[in-house]
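Only one structure is covered here, and it is reproduced in the block below.
Values in this document were obtained by computation on a predicted structure and should not be read as measured data.
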Amino acid sequence: MKIAPSILSADFAELKTEVKRVENAPYLHIDIMDGQFVDNLTFGPNVVKALRPHSSQVFDCHLMVINSEKYIKAFAQAGADIIGVHIEATAHIHRVLSQIKQAGVKAEVVINPGTPVAAIKEVLPLVDQVLVMTVDPGFGGQAFLSETVSKVKELAQLRLQAGLQFEIEVDGGVNADTIKTVTAAGADVAVAGSFVFGSDDPAKQVALLKELAQG
């Protein structure tokens, strides 16, 4: 299991320092919110660009943005390693994922709790990662939605049956209890925000999640 601390829960005034505190995590999850697809408003490509020289982590940029296709080039140039787009936020998901790949970045498709796996089945051969939202998008600190676990299991089964290589990521409500549930279901990457950055020792929390995932 790869742990991806979400800087949505970090101290925005100390982002560089906060990122350094979770260097033991292979991924850094960066939530991009536009105030339209979701109510909150967060980071743009400039923040990704500013953080890039200070971290060797995989920058996992999760776009909660209407018309995501407008911003692919900017985030790729800023230093994103993975760009995730919501199927609910664009009418042309295949085109957007293709644009991400063409930009030399790994492509991720994201589904909300109310969206079935069937909605993304046709693009699974195109993606490097699928992000299953285990809370409703837009805000940190929400409780894990247990009904989303079935989608992780379904994706794991589809991956096996089709011989595909995409990784499965979960985002929302990940803590010492739910990490075991999503690992058992077949998730490969777990985003953790409040559980990590709400602690005095974020690196210790990352290590704990890794340990618990390993059983």
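- Between Val191 and Glu169, the closest side-chain pair of non-hydrogen atoms falls below 4.5 Å.
- Looking only at distances, a side-chain donor or acceptor of Asp34 sits under 3.5 Å from a matching main-chain atom of Phe37.
- Between Asp188 and Arg159 there is a salt bridge, since a side-chain N of the basic residue sits under 4.0 Å from a carboxylate O of the acidic one.
- Nearest heavy atom pair, residue Leu131 against residue Val170, reads CD1-C, 3.8 Å.
- Ser194 approaches Ser9 most closely through the heavy-atom pair N-OG, 3.2 Å.
- Checked by atom type and distance alone, the side chain of Gln57 never pairs as donor or acceptor with a backbone atom of Leu28 at under 3.5 Å.
- Using a distance-only test at 3.5 Å, with no hydrogens or angles considered, a donor-acceptor pair links the side chain of Glu88 to the main chain of Asn112.
- In the hydrophobic cluster analysis, where Ile, Leu, Val, Met, Phe, Trp and Tyr join through side-chain heavy atoms closer than 4.5 angstrom, Ile7 is grouped together with Val48.
- Counting only distance, with no hydrogens or angles, the side chain of Thr90 and the backbone of Asn67 share no donor-acceptor pair below 3.5 Å.
- Closest approach of Ala4 and Tyr27 over heavy atoms only: CB-CB, 3.5 Å.
- Atom CD of Gln157 and atom CG of Leu160 lie 5.5 Å apart (nearest 0.5 Å).
- Annotation for Val152 and Ala187: closest pair CG1-N, 3.7 Å, computed over non-hydrogen atoms.
- Between the side chains of His62 and Asp60, no donor-acceptor pair is found at a separation under 3.5 Å.
- The aromatic ring centroids of Phe12 and Phe43 lie less than 6.0 Å from each other.
- Arg21 places no side-chain N or O within 3.5 Å of a backbone atom of Lys16 that could act as its donor or acceptor partner.
- For the residue pair Ser55 / Glu23, no side-chain donor-acceptor distance below 3.5 Å is found, with atom types taken as modelled.
- Under the 4.5 Å side-chain criterion, counting only non-hydrogen atoms from C-beta, Phe59 is in contact with Leu51.
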Mind running side-chain contact (heavy atoms from CB on, under 4.5 Å) on Val149 and Phe144 for me, showing each step along the way?
CA-CA 10 Å; Val149 175; Phe144 183 85; 3.7 Å; yes

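- Heavy-atom minimum distance, Val22 versus Pro5: CB-CG, 3.8 Å.
- Side-chain N/O atoms of Asn175 and Thr178 include a donor and acceptor closer than 3.5 Å.
- Two residues are said to be in side-chain contact when any heavy atoms from C-beta on lie closer than 4.5 Å; Val109 and Leu97 meet this criterion.
- Looking at Gln99 and Glu69, their side chains come closer than 4.5 Å, going by heavy atoms from C-beta outward.
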Side-chain donor-acceptor pairs of residues 202-215 under 3.5 Å, sequence neighbours excluded:
unit_1, atom_1, unit_2, atom_2, d
Gln205, NE2, Phe195, O, 3.0
Lys210, NZ, Asn24, O, 2.4

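- In summary, Glu154 and Lys151 do not engage in a salt bridge, as defined by a charged side-chain N under 4.0 Å from a carboxylate O.
- Nearest heavy atoms, His54 versus Ala50: CD2-O, 3.2 Å.
- For Thr115 (side chain) and Ile111 (main-chain N/O), no donor-acceptor pair under 3.5 Å exists by modelled atom type.
- Looking at Val85 and Val110, their side chains never come closer than 4.5 Å, going by heavy atoms from C-beta outward.
- Counting non-hydrogen atoms of other residues, nucleotides and ligands closer than 6.0 Å to CD of Glu147 gives a total above 12.
- Taken to the nearest 0.5 Å, the SG atom of Cys61 stands 4.0 Å off from the CD1 atom of Ile30.
- Dense packing is recorded around NZ of Lys101, with more than 12 heavy atoms of other residues, nucleotides or ligands lying under 6.0 Å away.
- A heavy-atom distance below 4.5 Å is found between the side chains of Gln129 and Ile82.
- The closest side-chain heavy-atom distance from Leu126 to His94 is below 4.5 Å.
- Under the 4.5 Å side-chain heavy-atom criterion for ILVMFWY residues, no single connected hydrophobic cluster contains both Ile66 and Met133.
- Between the side chains of Asp171 and Ser6, no donor-acceptor pair is found at a separation under 3.5 Å.
- Asn40 contributes atom CG, which lies 6.0 Å from atom OG1 of Thr42 (distance to the nearest 0.5 angstrom).
- Here Asp128 contributes atom CG and Leu164 contributes atom CG; the two are 11.0 Å apart, rounded to the nearest 0.5 Å.
- Under the 4.5 Å side-chain heavy-atom criterion for ILVMFWY residues, no single connected hydrophobic cluster contains both Val135 and Val130.
- Annotation: Gln165, atom CD; neighbour count of heavy atoms from other residues, nucleotides and ligands within 6.0 Å does not exceed 12.
- In summary, Arg52 and Asp81 engage in a salt bridge, as defined by a charged side-chain N under 4.0 Å from a carboxylate O.
- Looking at Met64 and Asp31, their side chains come closer than 4.5 Å, going by heavy atoms from C-beta outward.
- Between the side chain of Thr134 and the main chain of Gly172, a donor-acceptor pair closer than 3.5 Å is present.
- Not a single donor-acceptor pair under 3.5 Å links the side chain of Lys20 to the backbone N or O of Leu15.
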